[in-house]
Amino acid sequence: MRLPAPFIKLPLRFDVARLRAEVEQFPESEWRGHPQGFAGNSALVLVSHQGGENDDTTGAMAPAPRLERCPYLKQVMQSFHTVMGRSRLMRLEPGAEVTPHTDIDLYWRDRIRIHVPIVTDASVRFNCDGVEIHMGPGEAWIFDNWRPHHVINGSGIRRVHLVMDTVGSAAFWQLASTGVVASAAAEIATRPVEFEPAAADTLVYESHAPEPLAHPAAVKSAIHELVGDLRGNPGRSREQAALEAALMDFTNDWQALWARFGAEPRWHSHYAVLLEDTLRTAGGLGAGIRLPSNRTPVNQVLQRFLPAMFPGLGDWLQRAPQPRLSRPVFVVAAPRSGSTLLFEALRRHPDLWSLGDESHAEIENVPGLSPRERGFESNILGVEDASSGVKAEVSRNFGMQLRDAAGRRWLTLDQQHDRPLRLLEKTPKNALRIAFLDALFPDALFLFLHREPAANLGSILDAWRSGRFITYPDLPGWEGPPWSLLLPPGWRRLNGRPIAEVAAHQWQSANQAILDDLSRLPRQRWRALDYAELVRDPAGAVARAFRFMDLGPSQLSTSPGGGLPLSRYTLTPPSPDKWRQHERELDPVLGSLAATLARISALDNRL
């Protein structure tokens with residue numbers, strides 16, 4: 001919860017000796033390690049979900065059995081006159097620390113954390129947003145955990161604090177209003193809270209579990225607060241303005257879904273699709289943008305905030321229907337070969353479903369498949385990566401994005417869930433993943449689109465220099481400009497080399513992999529198509545592609561001047577000689593591609 005200052009000291013004082021005596025009754029075996037495994041951090045559960053040994057933050061909270069053995073601890077908790085959430089004794093070993101972080105979960109938007117030090121030393125320092133203090137034994141503190149904070153135990157003792165989460169109450173906030181904004185030498189008159197043996201137990205606990213779906217009012221409140229925070233950034237960029245608009249669109253669409261469906265479980269798919277689409281859109285726009293209030297990357301906050309609007313989203317995704325994909329069609333090509341142009345022409349067929357865009361996230365978000373988890377070796381995936389669990393994850397991810405030619409989402413069309421679907425997909429990285437895709441979908445068809453090297457490499461150079469196709473902005477060990485497009489094997493050898501050589505390596509690696517992998521498949525499962533033929537006779541090429549896919553004809557939309565419309569990724573209008581602006585750069589590398597070009601030219605399994 002946000003506060004007007006990093007720390008506020010509350011006007012209470014507790015009996016440290018009695019608190020220590022109650023803490024020391026518990027053996028070492030009752031202390032639990034930190035839920036994220038942070039070294040030197042441990043806790044003793046006092047209030048938890050249903051009173052169990054857990055770190056859950058929501059649902060019915062209840063006292064753990066050991067709290068009944070701590071009558072003074074209970075009275076300390078009662079003295080704050082508020083409803084109690086998760087509460088623990090938290091311990092920090094000598095020399096250990098709570099590393100710098102901010103608490104950005106939606107849970108913390110409505111809660112504050114109270115600290116009562118029990119065992120401590122003057123060298124235990126708490127820093128929040130640049131303000132550093134020592135919380136003395138028997139004192140009571142709250143702090144703004146939305147801001148960056150960390151704790152260092154520079155002493156030789158184990159620090160122990162009583163730590164309580166609460167949403168607060170009128171009485172609590174009245175108490176806090178009489179506290180003092182802390183500096184390093186804050187002074188405040190405090191009221192002692194003595195132990196009363198006959199005191200009644202008046203502690204109350206959180207018991208309300210989150211609703212299955214957040215009410216539109218709660219969604220608007222949280223998102224409007226974030227957008228207001230963002231607008232504090234000086235010199236708002238075009239991307240930030242678009243991000244703010246996307247977040248406002250999210251709240252308005254959530255309101256519209258609520259008006260239409262309410263919280264009825266059978267319609268939760270609509271909310272899941274909206275969340276996934278917003279996270280995807282916001283993730284692209286939010287790269288590099290930080291919240292001015294706590295300097296946290298906005299994408300990290302959105303990854304916590306947005307799914308919390310649908311608390312059961314994770315479970316729902318695990319139960320979500322998976323599409324039955326029959327004979328999916330994958331367009332495989334080197335980057336900038338015109339695959340988007342072909343894809344956009346084909347996906348207008350009424351019997352085809354697509355993801356609407358490329359499948360980077362749908363594949364690389366599956367655990368174990370991202371280049372980061374594989375040492376950034378390349379985008380290659382093979383048969384060994386295509387386990388049944390991976391197939392289920394990929395199918396589920398595809399299902400979240402599937403849409404028909406009219407843009408209707410498969411997940412929101414109940415009547416579609418039982419019939420097989422024809423998927424059309426294209427992602428240039430899939431040039432290195434044909435064996436993987438074949439293992440996942442043994443009846444898949446492949447359309448190999450190839451483009452002559454000079455024009456293709458010229459387009460790759462344009463893409464690198466545009467900054468619009470960056471795939472790995474911080475590629476470890478890469479010393480050139482931010483890495484763009486496909487990541488081929490052997491990329492490390494290109495460090496310090498001209499981008500023309502990088503482009504040539506990307507073209508060659510992609511086309512060689514496609515040629516090798518398709519040669520192992522039955523001829524009836526793949527066809528090759530020259531980009532020049534697609535541009536010369538688009539209607540004929542598309543008609544032949546539909547026949548290869550066993551689909552009926554479909555009208556091909558053309559641009560007003562005839563031919564295919566520009567693809568969404570076109571940088572400048574097409575021209576046969578556009579590559580010549582790079583001719584001097586490309587001349588030294590084109591000769592090295594001759595053998596691969598000869599293999600392509602010799603193909604007889606053409607569309």
Side-chain angles (χ1 to χ4, degrees), residues 331-343 358 378-380 426-432 448-473 475 477-516 528-536 563-564 566-603:
V331 175
V332 290
R336 311 298 294 165
S337 293
S339 57
T340 302
L341 190 69
L342 178 58
F343 169 77
E358 297 176 350
S378 72
N379 289 137
I380 289 177
K426 85 94 194 173
T427 302
K429 292 175 183 176
N430 287 343
L432 303 178
F448 171 28
L449 183 69
H450 54 86
R451 188 178 184 184
E452 66 90 12
N456 202 159
L457 265 60
S459 187
I460 292 174
L461 287 178
D462 288 337
W464 270 82
R465 287 166 180 159
S466 73
R468 287 176 46 190
F469 298 86
I470 295 171
T471 45
Y472 305 107
L475 184 61
W478 176 248
E479 298 171 3
W483 189 275
S484 296
L485 306 171
L486 160 149
L487 188 67
W491 61 266
R492 291 181 175 86
R493 297 194 301 270
L494 298 166
N495 241 330
R497 305 303 301 165
I499 295 301
E501 290 188 26
V502 178
H505 186 63
Q506 289 179 313
W507 185 92
Q508 181 136 302
S509 297
N511 283 296
Q512 284 182 342
I514 293 169
L515 290 164
D516 291 345
L529 172 63
D530 191 328
Y531 172 79
E533 176 65 15
L534 173 64
V535 173
R536 186 189 66 79
L564 291 166
L566 299 181
S567 87
R568 77 186 77 173
Y569 297 129
T570 298
L571 290 169
T572 57
S575 168
D577 294 324
K578 188 168 61 171
W579 69 273
R580 292 194 179 279
Q581 64 184 309
H582 306 297
E583 191 167 8
R584 182 174 296 178
E585 289 180 86
L586 295 178
D587 273 347
V589 301
L590 289 175
S592 66
L593 309 180
T596 302
L597 181 59
R599 288 183 67 188
I600 294 173
S601 301
L603 288 172

K.L.:
When rounded to the nearest 0.5 angstrom, what is the spacing between CG in Asp530 and CG in Leu603?
P.N.:
10.5 Å

K.L.:
Is any side-chain heavy atom of Asn430 closer than 4.5 Å to one of Lys426?
P.N.:
no

K.L.:
Please name the pair of heavy atoms, one in Pro428 and one in Pro335, separated by the smallest distance, quoted to 0.1 Å.
P.N.:
CB-CA, 4.0 Å

K.L.:
Could you tell me whether Arg468 and Asp462 make a salt bridge, using a distance below 4.0 angstrom between a side-chain N and a carboxylate O?
P.N.:
no

K.L.:
Quick check: closest heavy atoms across Leu593 and Ala504, and the distance to 0.1 Å?
P.N.:
CD2-O, 3.8 Å

K.L.:
Nearest 0.5 Å, what's the CG-CD distance between Leu597 and Gln508?
P.N.:
10.0 Å

K.L.:
In the structure I gave you, are the side-chain heavy atoms of Leu475 and Pro482 within less than 4.5 Å of one another anywhere?
P.N.:
no

K.L.:
As a quick check of understanding, evaluate side chain to side chain contact (heavy atoms under 4.5 Å, CB included) for Glu452 and Leu590, giving each step before the final call.
P.N.:
CA-CA 10 Å; Glu452 66 90 12; Leu590 289 175; over 6 Å; no

K.L.:
I'd like to know if the side chain of Asn379 and the backbone of Lys429 have a donor-acceptor N/O pair within less than 3.5 Å.
P.N.:
no

K.L.:
With heavy-atom distances below 4.5 Å as the criterion, would you say the side chains of Leu486 and Pro488 are in contact?
P.N.:
yes

K.L.:
Under the side chain to side chain contact (heavy atoms under 4.5 Å, CB included) rule, what do Tyr531 and Glu533 come out as? Steps first, then yes or no, please.
P.N.:
CA-CA 5 Å; Tyr531 172 79; Glu533 176 65 15; over 6 Å; no

K.L.:
Considering non-hydrogen atoms only, spot the tightest contact between Leu432 and Pro489 and give its length.
P.N.:
CD1-CD, 4.3 Å

K.L.:
Got a donor-acceptor contact below 3.5 angstrom from the Gln506 side chain to the Ala334 backbone?
P.N.:
no

K.L.:
With rounding to the nearest 0.5 Å, note down the distance linking CG in Leu457 to NE2 in His505.
P.N.:
12.0 Å

K.L.:
Less than 4.0 Å between a side-chain N and a carboxylate O, is that true for Arg497 and Glu585?
P.N.:
no

K.L.:
Check the pair Trp483, Val502 against side chain to side chain contact (heavy atoms under 4.5 Å, CB included), reporting the backbone distance first and the verdict last.
P.N.:
CA-CA 10 Å; Trp483 189 275; Val502 178; 3.7 Å; yes

K.L.:
Between Asn495 (side chain) and Gly477 (backbone), is there a donor-acceptor pair under 3.5 Å?
P.N.:
yes

K.L.:
Would you please test Gln512 and Trp507 for side-chain hydrogen bond (donor to acceptor under 3.5 Å, both in side chains) and show each step?
P.N.:
CA-CA 8 Å; Gln512 284 182 342; Trp507 185 92; over 6 Å; no

K.L.:
For the CD atom of Glu501 and the CG atom of Leu586, what is their distance to the nearest 0.5 Å?
P.N.:
11.0 Å

K.L.:
Would you say the side-chain atoms of Asn456 and Ser337 include a donor-acceptor pair closer than 3.5 Å?
P.N.:
yes

K.L.:
Is a side-chain donor or acceptor of Thr471 paired with a backbone partner of Leu485 at a separation under 3.5 angstrom?
P.N.:
yes

K.L.:
May I ask you to check if Arg336 and Phe469 form a cation-pi contact, with NZ or CZ under 6.0 angstrom from the six-membered ring centre and within 45° of the axis?
P.N.:
yes

K.L.:
Could you walk me through whether Trp464 and Ile470 pass the side chain to side chain contact (heavy atoms under 4.5 Å, CB included) test, one step at a time?
P.N.:
CA-CA 7 Å; Trp464 270 82; Ile470 295 171; over 6 Å; no

K.L.:
Got a second to check how far Arg451's CZ is from Ser459's OG, nearest 0.5 Å?
P.N.:
5.0 Å

K.L.:
To the nearest 0.5 Å, what is the distance between CG (Leu341) and CG (Leu449)?
P.N.:
8.5 Å

